Participant: 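I have a structure I would like to understand better, so I am pasting it below and will then ask my questions one at a time.
Numbered from 1 within each chain, the chains take letters A, B, ... in sequence-line order. Predicted, not measured: the structure shown is a model, and the values here were computed from it.
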Amino acid sequence: MTAISLQNLDVSYDGNRVVKGATFDVAEGESFALVGESGSGKSTVLKAIAGLAPEWAGTIEVLGKPRSHRPDRALARQCQMVFQDPYGSLHPRKTVDSVLSEALKIHGLGNRDERVEQVLTDVGLDRRFRFRYPHQLSGGQRQRVAIARALMLEPKVMLLDEPTSALDVSVQAEILNLLKRLRAEHNLTYLMVSHDLPVVGFMCDRMAVMTKGEIVEIAPGTALHDGAFTHPYARALYAASGG
Amino acid sequence: MSEPLLSVRDLKVSFPTHTGRVNVVDGLGFDLGRERLGIVGESGSGKSMTGRAILRLIRPPGRVTAERLRFDGTDLLTLPESKMRPIRGARISMVMQDPRYSLNPVMTIGRQIAEALRMHENLGRAATRARVRDMLEAVQINDPDRVSQMYAHEVSGGMGQRIMIAMMLVPRPQILIADEPTSALDVSVQAQVLDLIDDLVRDHGMGLILISHDLNLVARYCDRIMVMNAGRVVERCDAADLAQATHPYTRGLLAAVPRMHETRETLPVLDRSQWEGT
């Protein structure tokens with residue numbers, strides 16, 4: 001079964017088309033990457049799927065159900081997003097506990113105490129962090145909270161927008177290992193945006209190379225080993241990354 | 001051997017916290033000639049503070065002490081602020097991380113670069129304009145006259161960083177401190193900007209201090225490397241010998257970076273207890 005299916009997706013901001021005819025399928029349990037430079041439209045694709053960029057045309061299907069243009073509660077249960085900057089994506093005046101419980105309240109789920117404890121264990125955070133505020137945490141700990149928040153509703157699909165580019169290399173290694181472990185444990189599907197090809201090589205099975213709003217090539221992760229890209233832009237990106 | 005351009009001994013930078021003063025740079029020492037020195041470390045290691053301390057950009061309550069901080073025969077520590085200004089920017093200059101925050105949004109590019117020049121040299125209007133033009137050409141901006149008229153928000157990140165470099169190099173400094181000059185830029189632009197800094201540093205016979213968290217990048221563009229952790233230098237080596245680094249912190253950092261030909265299932269994680277107390 002396909003977890004995410006995009007057909008001819010166009011996304012615009014104020015009438016300005018920034019994604020043009022994006023088409024790809026991500027199988028359930030797969031880890032798929034969107035790579036490209038800033039301004040290539042890769043994050044916009046994620047935002048459209050998550051419902052944060054409502055000006056889109058084409059088809060978005062998540063786990064076989066087409067997405068509407070409205071906020072979609074059922075979709076939120078199955079598909080969650082982790083943002084790039086853990087310093088900006090957590091509410092500064094909410095404790096970790098209230099950030100994590102909020103989704104449960106919205107969806108009317110019980111057993112909150114247990115679920116919060118469980119998800120904190122899952123992402124490797126000690127329980128003493130539960131009642132702290134974001135400013136009392138390091139960057140890596142905040143990104144763990146952001147991942148925990150996304151996992152709260154036990155989604156099947158995770159949209160990861162440069163989850164480690166704001167972090168130090170040693171912390172990046174910890175978070176990448178965590179994401180990899182969570183995917184195996186919960187059988188998650190990842191759609192990840194990154195500009196860092198080695199990170200993609202570590203995390204993903206396949207990737208789509210984007211430039212100027214268009215997908216120019218879909219390649220397997222092994223292309224990073226042998227440089228087997230066909231499109232000139234993909235080759236240039238590979239060369240610039242030290243391939 | 002002649003006296004190095006910049007000589008630093010036992011440099012300490014401290015800030016007050018509620019548990020007393022904390023040394024964020026703790027006893028750092030190095031000499032810099034007309035060469036390229038890389039300072040590597042993670043956030044909080046004190047690498048940026050080192051660059052700022054050299055330029056005396058640390059304001060109270062921060063405090064800088066050193067046994068020696070000499071630049072070209074001048075003691076920078078005891079120099080009055082009025083004498084510091086002709087050095088800062090003109091003879092030692094610094095490229096900051098993000099061009100979006102470092103450029104003046106309400107002044108045209110051309111005027112900003114000219115301002116850097118006017119502060120330090122007494123040139124006529126035509127001569128100033130010519131120098132600005134040459135400098136923009138040197139940083140590979142194709143249409144310098146048009147770009148001079150533009151504002152910071154009208155240029156891309158890579159172009160903004162090239163403009164920053166032009167601004168810093170137009171007074172022809174002897175030392176350039178580049179603090180994470182490319183971490184806000186895309187990979188393809190990163191290489192261009194660093195190649196450019198590299199060419200200019202070689203052509204003008206300048207000293208370069210490249211501050212970055214990216215070990216491999218520093219290894220590619222520097223002659224020597226200092227690895228910092230918690231305010232101290234844990235390892236010094238020639239860039240070519242980085243792969244043979246011995247300190248567990250350096251080795252841990254090197255191993256934690258995913259490689260293009262990645263086959264490892266999990267990445268090794270730094271065991272921070274290994275070198276604590278050393």
Participant: Return the minimal non-hydrogen interatomic distance between Ser241(A) and Met260(B), and the atom names on each side.
Facilitator: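 Scanning both residues, the minimum pair turns out to be CB-CE, 3.6 Å.
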Participant: Any side-chain to backbone donor/acceptor pair from His213(B) onto Asp168(A)? Under 3.5 Å, distance only.
Facilitator: no
Participant: Take atom CZ in Arg59(B); do more than 12 heavy atoms of anything else shown fall under 6.0 Å from it?
Facilitator: yes
Participant: Where on Glu265(B) is there a heavy atom nearer than 4.5 Å to chain A: the side chain, the backbone, both, or neither?
Facilitator: both
Participant: Examine whether an atom of Glu37(A) lies under 4.5 Å from a heavy atom of chain B, and if so say whether it belongs to the side chain, the backbone or both; otherwise answer neither.
Facilitator: both
Participant: Mind listing the closest non-hydrogen atom pair of Lys180(A) and Arg264(B) along with its distance?
Facilitator: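 Here Lys180(A) and Arg264(B) meet closest at NZ-O, 4.0 Å.
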Participant: Heavy-atom count around Arg130(A) CZ within 6.0 Å, excluding the residue itself: above 12?
Facilitator: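 Enclosed: over 12 neighbouring heavy atoms sit under 6.0 Å from CZ of Arg130(A).
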Participant: Please give me the minimum heavy-atom distance between Pro258(B) and Gln172(A), naming the atom from each residue.
Facilitator: CD-NE2, 3.4 Å
Participant: Counting heavy-atom pairs under 4.5 Å to chain A, which of Val257(B), Asp214(B), Leu253(B), Thr266(B) comes out on top?
Facilitator: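 Counting heavy-atom pairs under 4.5 Å, the top option is Thr266(B).
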Participant: Nearest 0.5 Å, please: how far is CG in Asn229(B) from OG in Ser170(A)?
Facilitator: 9.0 Å
Participant: Taking CG in Asp203(B) as the centre, count heavy atoms belonging to other residues, nucleotides or ligands within less than 6.0 Å. Is the count above 12?
Facilitator: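 Yes, because the 6.0 Å sphere around CG of Asp203(B) holds more than 12 heavy atoms from other groups.
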Participant: Does atom OH (Tyr13(A)) have a neighbourhood of more than 12 heavy atoms from anything else shown, all under 6.0 Å?
Facilitator: yes
Participant: Which heavy atom of His261(B) sits nearest to which heavy atom of Leu224(A), and what is that distance?
Facilitator: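 Where His261(B) meets Leu224(A) most closely, the heavy atoms are CE1-O, 4.3 Å.
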Participant: Restricting to non-hydrogen atoms, name the atom on Ala256(B) and the atom on Val169(A) that form the minimum distance, rounded to 0.1 Å.
Facilitator: CB-O, 4.0 Å
